[in-house]
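So that the names make sense, note that chain A is the first sequence line, chain B the second, and so on, each numbered from 1. It should be emphasised that the depicted structure is a prediction, and the values quoted were computed from it without experimental measurement.
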2 protein chains.
Amino acid sequence: MLFTGTHIHKLDRKGRVSVPKRFRAALDTEEFAGIYLYQSHKESALEGCSHSHMERIAASLDELDMFSDEADDLADTILGSSHMLPYDGEGRIILPAELIEFARIEDQVAFVGRGRTFRLWNPDIFKPLQEASRTRTLNRGATLKLKPMSELPKGARPGTTTEEDAS
Amino acid sequence: MLFTGTHIHKLDRKGRVSVPKRFRAALDTEEFAGIYLYQSHKESALEGCSHSHMERIAASLDELDMFSDEADDLADTILGSSHMLPYDGEGRIILPAELIEFARIEDQVAFVGRGRTFRLWNPDIFKPLQEASRTRTLNRGATLKLKPMSELPKGARPGTTTEEDAS
DNA sequence: TGGGAAATCATGGGGGTCAATGGGATTTGA
DNA sequence: TCAAATCCCATTGACCCCCATGATTTCCCA
């Protein structure tokens with residue numbers, strides 16, 4: 001269950017786009033056959049995730065004080081603006097017009113893996129941003145502090161499985 | 001059992017409105033075929049939930065000091081003003097005049113998912129508020145601290161089922 | 001290791017089905 | 001008895017299922 005790589009697919013004239021096989025494979029243990037999309041806060045992009053990730057967001061919002069302003073805002077922007085998009089028989093989704101417009105998508109869609117989640121971009125917008133991001137990372141000499149293997153969930157390490165996990 | 005997305009439906013001249021199919025699907029394990037609505041105490045909107053969620057609210061009120069002013073007020077505003085609205089054969093409810101007036105609803109109703117609950121709005125009122133929410137979220141740099149997977153209810157994680165959990 | 005066969009994936013499009021809506025008919029209840 | 005709620009059916013348009021084709025990738029064997 002990990003989204004990696006950039007996959008560019010075509011948006012057909014019915015507004016459909018194939019979800020990359022690799023992403024579908026990462027989701028095949030989900031009970032809901034499809035993905036969730038919502039507008040990114042910061043970027044001209046769409047945030048994508050699984051049903052169980054959306055459940056996780058909802059459960060986390062439940063934890064915040066039920067009547068707090070912050071929880072309210074997050075509920076409106078994430079849960080209220082999300083679209084639940086089931087696959088058709090060929091593993092495609094219909095991209096709602098509202099989201100196409102928001103992300104300024106034309107005839108191609110870039111699916112960009114971000115680990116537990118992913119993003120959808122107009123490839124022409126994403127490409128220069130990706131290069132800028134790469135340059136910043138190099139200049140900064142950024143290093144990532146890795147979590148020890150022992151803290152990873154079962155099933156994410158070689159030689160371990162979860163009883164019911166068929167991935 | 002997760003309410004997501006914004007669905008705009010028409011209020012017909014008999015005061016009926018279709019409950020979005022996705023919301024009905026999220027409720028299909030409920031014994032009561034319908035929804036509960038009550039006036040929001042913060043917004044010009046209606047709060048909606050399932051029968052079992054209403055039970056949960058009642059149980060939470062029990063925990064508050066039985067004779068506190070707060071419990072009194074909440075009991076009045078939530079339980080006292082709530083309407084139990086069954087579907088007709090087509091999955092519609094009749095929106096009581098009192099609630100239509102309170103939420104200043106005209107000919108359209110926006111069903112807005114908030115995870116365990118949802119809200120009903122006049123779309124023209126909701127839209128600018130949602131934009132404001134998005135802006136505040138962005139400015140605040142809000143990030144949601146996600147609960148660990150292991151604390152989620154069964155059925156919300158891949159590879160688990162809900163057979164024993166009908167909530 | 002190269003090349004060809006076979007399976008899989010991405011894409012295009014037709015048509016059937018179902019959700020949303022509108023309105024008439026019948027029942028219920030005050 | 002009248003009003004309001006429920007049932008029933010018709011319409012329509014969006015969505016989903018299906019199949020066909022083209023493009024890759026994978027696999028297998030020489």
Side-chain angles (χ1 to χ4, degrees), chain A residues 3-28 30-37 48 51 82-101 105-113 118 120-123 166-167, chain B residues 3-28 30 32-37 48 82-101 105-113 118 120-123:
Chain A
F3 302 107
T4 59
T6 294
H7 312 263
I8 295 179
H9 284 175
K10 201 167 177 193
L11 184 71
D12 73 18
R13 103 177 72 160
K14 284 180 165 184
R16 297 177 300 188
V17 63
S18 291
V19 176
K21 185 202 93 180
R22 294 268 164 80
F23 284 22
R24 294 203 308 268
L27 291 168
D28 66 2
E30 296 277 326
E31 84 260 39
F32 167 60
I35 62 173
Y36 282 78
L37 291 179
H51 177 80
S82 72
H83 292 253
M84 181 187 193
L85 304 172
Y87 308 139
D88 67 10
E90 281 68 45
R92 291 173 290 197
I93 54 163
I94 297 179
L95 214 45
E98 181 195 356
L99 297 183
I100 293 176
E101 193 180 337
I105 285 169
E106 283 149 25
D107 59 339
Q108 288 193 320
V109 183
F111 288 75
V112 182
F118 54 92
L120 267 57
W121 290 86
N122 174 337
S167 67
Chain B
F3 301 107
T4 61
T6 294
H7 312 262
I8 295 178
H9 284 177
K10 210 164 176 190
L11 185 70
D12 71 18
R13 100 178 72 159
K14 287 180 169 182
R16 298 176 299 187
V17 64
S18 291
V19 176
K21 194 213 147 198
R22 293 260 158 81
F23 283 22
R24 294 201 310 266
L27 291 168
D28 65 2
E30 296 279 325
F32 167 60
I35 62 173
Y36 280 78
L37 291 179
S82 75
H83 293 251
M84 182 183 186
L85 304 171
Y87 308 138
D88 69 9
E90 280 69 43
R92 290 173 290 199
I93 54 163
I94 296 180
L95 215 45
E98 179 195 357
L99 297 183
I100 293 175
E101 193 179 337
I105 286 169
E106 283 150 26
D107 59 339
Q108 288 193 318
V109 183
F111 288 75
V112 181
F118 54 91
L120 267 55
W121 290 87
N122 175 336

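Counting all heavy atoms, side chain and backbone alike, B:Gly113 lies closest to B:Phe118 at CA-CB, 4.1 Å. Residue B:Leu37 comes nearest to B:Gly48 through the heavy atom pair CD2-CA, 3.6 Å, listed as atom of the first residue, atom of the second, then distance. The minimum heavy-atom distance between B:Ile94 and B:Arg16, with the atom names listed, is CG1-CG, 3.9 Å. Shortest non-hydrogen contact noted between B:Ser18 and B:Arg92 is OG-CG, 3.3 Å.
Side chain of B:Lys21, nearest nucleotide from D:dT6, C:dA10, C:dA19: C:dA19. Relative to the side chain of A:His9, the nucleotides D:dT6, C:dT21, C:dA10 differ in distance, and C:dA10 lies closest. Here the nucleotide nearest the side chain of A:Lys14, chosen from C:dA20, C:dT11, D:dC16, is D:dC16. Here the nucleotide nearest the side chain of A:Ile94, chosen from C:dG12, D:dC16, D:dT6, is D:dC16. Nearest nucleotide to the A:Arg16 side chain, out of C:dG23, C:dG13, D:dC16: C:dG13.
What separates CG of A:Asp12 from P of D:dC15 is a distance of 13 Å, to the nearest Å. In this structure, A:Lys10 places its NZ atom 9 Å from P of C:dG13, rounding to the nearest Å. Spacing between atom CD of A:Glu90 and atom P of C:dT11 amounts to 12 Å, rounded to whole angstrom units. Remark: P of D:dA4 and CD1 of B:Ile93 are 18 Å apart, rounded to the nearest angstrom. In this structure, CZ of B:Phe23 is placed 16 Å from P of C:dA19, rounded to the nearest angstrom. We find that CD1 of B:Ile8 is positioned 17 Å from C1' of C:dA19, with the value rounded to whole Å. Note: CZ (B:Arg22) to P (D:dA14) measures 16 Å, nearest angstrom. Across the protein-nucleic acid pair, A:Asp88 atom CG and C:dC9 atom P stand 14 Å apart, rounded to whole Å.
When the options B:Val17, B:Asn122, B:Leu95 are evaluated for a side chain to side chain contact (heavy atoms under 4.5 Å, CB included) with B:Ile100, the one that passes is B:Leu95.
Contact check, A:Arg92 against C:dT11: no side-chain N or O comes under 4.0 Å of OP1 or OP2.
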